[in-house]
Amino acid sequence: MKKSIRIIAAALIAVLMTACLTACGKKTEGTIKFGTNAEFPPFEFVAANGVIGEFDGIDIAIAKQIGEDINMEAKIENMEFDSLLVALQNKQIDAVIAGMTVTEERAESVDFSTPYYSATQVIITKEGSGIKSAADLADKFTSVVQGYTGETCIVDLGYRYESFKKGTECVMELVNGKCDAVVIDSATASKYVADNKGLVIVEDPAVFGNEEYAIAVAKGNKELLDKINASIEKMLANGTIATLGDKYCSAE
Ligand code: GLN
């Protein structure tokens, strides 16, 4: 009796293993941990059924595809935007994917991949506010997110501002009449304007230049950077990233 149970159990295990190998496909070789700040729709946000766990967005889909391309399981570590580069240097994560703009200052401490998305800063303001350009912010009060390039822009302009931890907090300040404008990345601004009645986007390309988003790895981690670049370049060439952009920018 005992023996037959053992035989049945062994047979079951064999069947299950075969099923798993078939269903799971190729076995991955370890994990790649991406750090992000899931407060930046449409690039990264928390959703009920995300692409990786509860995380969803253009960047998360890109991270997942990179994982598949380099035969590693992509995992997401969610943290404050300001902590991402430090976490990378401390080896807490392997790469940062966070709609992160390549800047000279950041490139001093990390290495950036081939850029995968072009963006710019824009102004969000209330309909009828009279704000038509960046210069109009001179005598106004602007909200920005701490550590974002939008903050650098307003600091460089020398205008009055307050910084917050999240884009949604900035937008609430604006909606509640506590500030006159928010300066933030274009695609994210479009999401906030679509979600909040009475807000409009004002562009000023002469003042807010082009920004390129890229993935960051620890300085000198050429092996990983080369693999990430090969994957990104493939996704740029075959239209994957453009398709993701369309999908997430038009989604409700
Ligand atoms: N692109 C902006 C920056 O790099 C904002 C990025 C983000 O909020 N995730 O600062």
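In this chain, numbering begins with 1 at the start of the sequence shown. Both ligands and their constituent atoms are indexed starting at 1 by order of listing.
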Going by an N to O cut-off under 4.0 Å, is there a salt bridge joining K132 and D136?
no
Does K33 pair with D94 as a salt bridge, N-O distance under 4.0 Å?
no
Is the ring centre of F81 less than 6.0 Å from the ring centre of F40?
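So the answer is no for these two rings.
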May I ask you to test the V217-K222 pair for a side-chain heavy-atom distance under 4.5 Å?
no
I'd like to know if the side chain of E80 pairs up with that of N37 as donor and acceptor (distance under 3.5 Å, no hydrogens or angles considered).
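Result is no, nothing qualifies.
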Would you tabulate the polar-atom pairs, meaning N/O of ligand 1 against N/O of the protein, with distances under 3.5 Å, reported to 0.1 Å?
from, atom 1, to, atom 2, distance (Å)
ligand 1, 1 (N), G99, O, 2.9
ligand 1, 1 (N), T101, OG1, 2.8
ligand 1, 1 (N), D185, OD2, 2.6
ligand 1, 4 (O), T101, N, 2.9
ligand 1, 4 (O), T101, OG1, 3.3
ligand 1, 4 (O), R106, NH1, 2.8
ligand 1, 8 (O), Y148, OH, 2.7
ligand 1, 9 (N), A98, O, 2.6
ligand 1, 10 (O), R106, NH2, 2.9
ligand 1, 10 (O), T149, N, 2.8
ligand 1, 10 (O), T149, OG1, 3.4

Is a donor from one side chain sitting under 3.5 angstrom from an acceptor on the other, for Q121 and T149?
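A donor-acceptor contact under 3.5 Å links the two side chains.
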